[in-house]
Trainee: 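Submitted below is the structure of interest, expressed as structure tokens.
Convention: sequence-line order gives letters A, B, ...; per-chain numbering from 1. What you see is a predicted model, and the numbers here were worked out from it, not measured in a lab. Quick note: numbers below take in every heavy atom, side chains included, and nothing from hydrogens, waters or symmetry partners.
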Amino acid sequence: MGFDDIIYLHLIQIPSGHAVSYGYLARMAGYPNHARQVGRVLKHLPQDTSLPWYRVVNAQGKISFEPESVKFKEQLSRLQAEGASIRNNRIIKPSFLG
DNA sequence: TGTGTGACCACTG
DNA sequence: ACAGTGGCCACAC
């Protein structure tokens, strides 16, 4: 079980309609200070993955893609489709940030 | 071995 | 609220 696998296991625990931060997911998996590595893992997921990568945002509650990018729009629409509460480009509750 | 990079974060002014 | 800064850690050259 490598770091990536641990992250996957915790990633799939995030309930629909919720979002967590990279740092929260890292701590959740037992790796404090590894927020950047979580970002690296998600970046390398295949395009057709079934994992809920879009439920991970940064500690400010914002999507970590350029607002005009395709990925940004996909993440936003997926979150909206699940009923995540979003105000002013920020993911609000229900979510676990920090 | 050294260096630059990044889907990050906390702190500061 | 926002930008700058320093810290963080794995990975690719």
Trainee: Using the test ring-ring contact (aromatic ring centres under 6.0 Å, His included), find all partners of A:Tyr31 that sit at least two apart in sequence or belong to another chain.
Mentor: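 Partners of A:Tyr31 by the ring-ring contact (aromatic ring centres under 6.0 Å, His included) criterion, ordered by chain and then number, come out as A:Phe3, A:His34.
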Trainee: Can you pull out every salt bridge (Lys or Arg N to Asp or Glu O under 4.0 Å) where at least one residue sits in residues 49-59 of chain A? Sequence neighbours excluded, please.
Mentor: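 Qualifying pairs: A:Arg55-A:Glu82.
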Trainee: Anything below 3.5 Å on both distances counts as a pair; with that, list the stems of at least three consecutive Watson-Crick or G-U pairs involving DNA chain B.
Mentor: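 As far as DNA chain B goes, consecutive pairing (with distances under 3.5 Å) yields the stems B:2-6 with C:9-13, B:8-13 with C:2-7.
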Trainee: Among residues 6-15 of chain A, which residues get a heavy atom nearer than 4.0 Å to DNA chain B?
Mentor: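 Residues of residues 6-15 of chain A under 4.0 Å from DNA chain B: none.
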Trainee: Answer yes or no: does a side-chain N or O of A:Arg90 lie under 4.0 Å from OP1 or OP2 of C:dA1?
Mentor: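 So the side-chain polar atoms of A:Arg90 do come within 4.0 Å of the phosphate oxygens OP1 or OP2 of C:dA1, strictly under.
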Trainee: Under 3.5 Å, which donor-acceptor pairs link side chains of residues 62-72 of chain A to any protein atom two or more places apart or in another chain?
Mentor:
residue: A:Ser64; atom: OG; partner: A:Asn58; partner atom: ND2; Å: 3.3
residue: A:Ser69; atom: OG; partner: A:Glu66; partner atom: O; Å: 2.7
residue: A:Ser69; atom: OG; partner: A:Phe72; partner atom: N; Å: 3.1

Trainee: When rounded to the nearest 0.5 angstrom, what distance separates CD in A:Gln75 from CD in A:Gln80?
Mentor: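 If I round to the nearest 0.5 Å, the distance is 11.0 Å.
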Trainee: Detail all sub-3.5 Å separations between protein N/O atoms and N/O atoms belonging to nucleotides 4-7 of chain C.
Mentor:
residue: C:dG7; atom: O6; partner: A:Arg36; partner atom: NH1; Å: 3.4

Trainee: How far apart are the closest heavy atoms of A:Ile91 and A:Ala19, and which atoms are they?
Mentor: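 Looks like CG2-CB, 3.8 Å.
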Trainee: Tell me the closest heavy-atom pair linking A:Leu11 and A:Leu25, and the distance in Å.
Mentor: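 Smallest interatomic distance, heavy atoms only, reads N-CD1, 4.0 Å.
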Trainee: Rounding to a whole Å, what distance do you find between A:Phe3:CZ and B:dC8:C1'?
Mentor: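 Answer to the nearest Å: 12 Å.
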Trainee: Side-chain N or O of A:Ser21 less than 4.0 angstrom from OP1 or OP2 on B:dC8?
Mentor: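 No, outside the criterion.
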Trainee: Please determine, for the side chain of A:Asn33, which listed nucleotide (B:dC8, B:dA10, C:dC8) has the closest atom?
Mentor: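 Nearest to the side-chain atoms of A:Asn33, counting from C-beta on, is C:dC8.
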Trainee: Starting at atom CZ of A:Arg27, determine the distance to atom P of B:dC9, rounded to an integer number of angstrom.
Mentor: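 Going from CZ in A:Arg27 over to P in B:dC9 covers 9 Å.
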Trainee: Once you round it to whole Å, what is the distance between P of B:dC9 and OH of A:Tyr22?
Mentor: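 The distance from OH of A:Tyr22 to P of B:dC9 comes to 8 Å, rounded to the nearest Å.
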Trainee: Applying ring-ring contact (aromatic ring centres under 6.0 Å, His included), name anything that partners A:Tyr8, two or more places apart in sequence or on another chain.
Mentor: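 Per chain and number, A:Tyr8 pairs via ring-ring contact (aromatic ring centres under 6.0 Å, His included) with no residue.
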Trainee: Between the main-chain N or O of A:Tyr54 and the side-chain N or O of A:Glu74, is there a donor-acceptor pair closer than 3.5 Å?
Mentor: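 Not confirmed, A:Glu74 side chain does not pair with A:Tyr54 backbone.
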Trainee: Given atom CD of A:Gln60 and atom C1' of C:dA1, what is their separation to the nearest angstrom?
Mentor: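 Going from CD in A:Gln60 over to C1' in C:dA1 covers 11 Å.
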Trainee: Tell me the interatomic distance from A:Asn89, atom CG, to C:dC2, atom P, rounded to whole angstroms.
Mentor: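 It is 10 Å, rounded to the nearest whole Å.
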Trainee: For the pair made of CD1 in A:Ile63 and C1' in B:dC8, what is the distance, rounded to whole Å?
Mentor: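 It works out to 16 Å between those atoms.
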Trainee: For A:His34 and B:dC8, is the shortest distance between a side-chain N/O and OP1 or OP2 below 4.0 Å?
Mentor: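 Checking B:dC8 against A:His34, no side-chain N or O comes under 4.0 Å of OP1 or OP2.
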Trainee: Under a 4.0 Å heavy-atom cut-off, which of residues 41-49 of chain A touch DNA chain C?
Mentor: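 Per residue number, the list is empty: none.
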Trainee: Taking all non-hydrogen atoms of both residues, which atom of A:His10 and which atom of A:Ile6 are closest, and how far apart?
Mentor: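 For A:His10 versus A:Ile6, the nearest heavy atoms are ND1-O, 3.0 Å.
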Trainee: Under 3.5 Å, which donor-acceptor pairs do the side chains of residues 37-48 of chain A form with other protein atoms, sequence neighbours left out?
Mentor:
residue: A:His44; atom: ND1; partner: A:Arg40; partner atom: O; Å: 2.7

Trainee: Rounding to an integer number of Å, can you tell me how far A:Tyr54 OH sits from B:dA7 C1'?
Mentor: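 My rounded result for the distance is 16 Å.
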Trainee: Kindly indicate whether the side chain of A:Asn33, heavy atoms from C-beta on, has any atom under 4.5 Å from the side chain of A:Arg27.
Mentor: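 Sidechains of A:Arg27 and A:Asn33: no contact.
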Trainee: So does A:Asp5 have more than 12 non-hydrogen atoms from other groups sitting under 6.0 Å from CG?
Mentor: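 Above 12, so yes.
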Trainee: With A:Arg90, which residues qualify under salt bridge (Lys or Arg N to Asp or Glu O under 4.0 Å), at least two apart?
Mentor: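 By the salt bridge (Lys or Arg N to Asp or Glu O under 4.0 Å) rule, A:Arg90 matches no residue at all.
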Trainee: Can you sort out the partners of A:Gln13 under side chain to side chain donor-acceptor pair (under 3.5 Å), two or more places apart, ordered by chain and number?
Mentor: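 Partners of A:Gln13 by the side chain to side chain donor-acceptor pair (under 3.5 Å) criterion come out as none, since no residue qualifies.
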Trainee: For A:Phe65 and B:dC8, give me the distance from atom CZ to atom C1', rounded to whole Å.
Mentor: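 Computing the A:Phe65:CZ to B:dC8:C1' distance gives 13 Å.
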